[in-house]
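Reminder, nothing fancy here: chain letters follow the sequence lines and each chain counts from 1. As a basis for the values below, the full set of heavy atoms in this structure was taken, side chains included, without hydrogen atoms, waters or symmetry mates.
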Amino acid sequence: MAPEANSRNLSQGEAKKRVGILLSRPFSSIGRAVIRWVNILGSATIFLFLALLKVFRSKQFSKIVQQLYYIGARSTTIIMLVSVFTGMVLGLQSYHALVKFGAQGAVGTLVALSLIRELGPVLTAIMITARAGSAITAEIGIQRISEQIDALSTMRIDPLRHIISPRITAAIISFPILTTVFDLIGMIGGYISGVMLLGLNSGVYFHSIQANVELKDISDGLIKTIVFAVIVSTVCCYQGYFAHMRSDSHGAQAVGLATTSAVVISCVLILVSDYIVTSLLI
Amino acid sequence: MNTPLIEFKDITKSFDNRTVLERVNLKIYEGEVTTIIGLSGAGKSVLLKHIIGLIKPDKGTILFRGKSVSKMKRKEINAALAQMSYMFQGNALFDSLTVYENIALPLLETTNLKKAEIDRRVMARIEQTELTDAVKKFPSELSGGMQKRAALARALITDPRIVLFDEPTTGQDPVRKNAILGMIAQYQRKLGFTAILVSHEIPDVYFISNRVLALYQRAIVFQGTPEELEEFDHPFKDEVIHSLEALQKELTGLYSKRQFKVLNHAQLRRRAYGDTYCIAVFTLEDINSIITYLGHDAVQETIRRMGLYVDKHFGAIGGFSTRRNTNEIITVLPYSDITEAEIILKDFAKDFQGLEINDICAGVRRRVAMAGPIELTILAGIAQGEPFAEIDSVIDSAISHRKEIWTAMMCRRGVNI
């Protein structure tokens, strides 16, 4: 009897243990994910901080100018294209919504404020992420897996100074300028649809913009762009720089996945931080 | 002996529970060429990356000039690393920069030299590595061999005191392999740096190495001179060295030094007291001047063709040969006395001049068109030995009796004998 009772007790104990493990499994996996993300956040913050410290070292100017060309100048066309159609569709939608209340004179205000406060910074950041951010991750990732970054270290050239710092600096400079371009071209797009196609008075359109857009709207929009620039450039550079340390893949596949991660994480963080910054500024 | 430049004490390194290096102990001395040999995947590159600080050991101590690296201040480590240069196995050239920009990068980023001085230094290295035609090309537009030479030029551009070469000859044809090894040896002698090589090119690397380290089953199983390695009795030799030596014939058609020694002993054992044999020594004269004017490739091609012809000529009468130095081939004529050997050598010299001259010079002609006249001379000497005489003394005697058997003046219009 005694051995049977013992084995029954043991099996009951084991069963309880298994149930406990099963119940705790979701929590432990959440815990692991949180710890991993906190680790990544910490290392990305240090990564950004170290890169920013090296901005003002010697021989950085030409590299920053070169990156301004790649990230900024070469993104201008796509930004203009997107912004003109965004402005046009805003003009079109707002005209048809406001005309019901006889308030079509406010089309200019609606277009301008939507662009300056929200759409300009967010869409510009997403467009730069898609065009330049992915290229940054892929380029740095390839440099990493082909030992070019190690080669820099052996030549006593700091990779953070040589590769990362100019890109983050160029992004911080480019984003506000490109957002401003986006806003201006977007307002022209609104003018095309509202005034030229739907017959709104052009004086009314521009006057409503001038009368209702305040300096705070513009500065808030620009603050957002700088936050987005820091996020996008850090995420994209970080993903490329540590592409070789991915646990899910190696080599070219790791670079591909790092590029995808960089774009997805950047876009999500743009939208999340947009809400946080807006709630703080409003 | 002096304090080692670099010393490993019980270095252990693992990656994902796989131990690559286990209690590795080694010593590397200043001003020498030290070669690390071992099978692929044995951890040679990992070992090299420990030296330059790209990888940190899990256990153990690395000493630099007798001082533990882990106890050094950041400034001291930077000063030590500033003396080093590293040539990567995969070259690690920056693919968005041209060959010129790749080579100039270390000078542009780490020195305050003026543009004209940087330009002068870079162009000098480009000429030495025969990359003049590739200055404006990107790495992806170059062949594997040219990429290797660009990486070599970049590694040497800062005149480092310690240069680490991670398989510098991988992907090269047999002639280029020896050309690169020759280039490393020449620069090492000229600039006096400490060279640490990882290589599979056995026994070719022996010609340029002062010391050899053998990495086998995660540990250093041998460190010593190439001559000491010949006497070393360990499973490593069967698994690594002998299998790699089998490839030696690819280059010159000659036996490796070890095979040559075995053959020689076998021949001598069969001989009775009083029997004689002869040794012939062939030397390509003034090799450094030829390298300067014609380049490493041309010299290696000349030696290769010389080796093939020596083997063809003397092999037919039972002779066997090996390459003794970069520019020297020795041949044993096991059944000949001195009179007979002299007649055979005269025939050889005659045939050599008559038949193989075009072949011998084919490799160098293209360069001569650019360089101007240069004299190529081959010396040969013969000595007679007895079965119980030391082979080295017979070789020395043959060297002392060398005389000119072939000379050619290379000039713009072709070859003058």
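Atoms CE and OG1, from B:M87 and A:T154 in turn, are 12.0 Å apart once rounded to the nearest 0.5 Å. A distance of 7.5 Å separates CD in A:E147 from CG in B:D166, rounded to the nearest 0.5 Å.
Annotation for B:K59: atom NZ does not count as buried by contact number, only 12 or fewer foreign heavy atoms lying within 6.0 Å. At most 12 heavy atoms of other shown residues, nucleotides or ligands fall within 6.0 angstrom of atom NZ in B:K9. Environment of CE in A:M80: sparse, with no more than 12 heavy atoms of neighbouring residues, nucleotides or ligands closer than 6.0 Å. Surrounding OH of A:Y69 are at most 12 heavy atoms belonging to other residues, nucleotides or ligands under 6.0 Å away. Counted within 6.0 Å of CZ on A:F85, heavy atoms from surrounding residues, nucleotides or ligands total 12 or fewer; the atom is thus considered open. For A:K54, the NZ atom counts as densely surrounded, since its 6.0 Å shell holds more than 12 non-hydrogen atoms of other residues, nucleotides or ligands.
Across every non-hydrogen atom of A:I157 and B:P106, the tightest pair is CD1-CA, 4.3 Å. Shown here for A:A151 and B:R154, the closest heavy-atom pair between the two residues is CB-NH2, 3.8 Å.
When heavy atoms are compared at a cutoff of 4.5 Å, B:F94 approaches chain A by way of both its backbone and its side chain. Of the atoms belonging to A:S153, it is side-chain heavy atoms, and not backbone ones, that fall under 4.5 Å from chain B. In this structure, chain A has heavy atoms under 4.5 Å from both the backbone and the side chain of B:D95. At a 4.5 Å heavy-atom cutoff, the contact between B:L105 and chain A is made by backbone and side-chain atoms alike.
Among A:R161, A:Q148, A:M155, the residue with the largest count of heavy-atom pairs under 4.5 Å with chain B is A:Q148. The choice from A:I149, A:I142, A:D150 that makes the most heavy-atom pairs within less than 4.5 Å of chain B is A:D150. Options B:T158, B:L93, B:N78 differ in how many heavy-atom pairs under 4.5 Å they form with chain A, and the most are formed by B:L93.
Between B:N112 and A:K59, the closest side-chain pair of non-hydrogen atoms falls below 4.5 Å.
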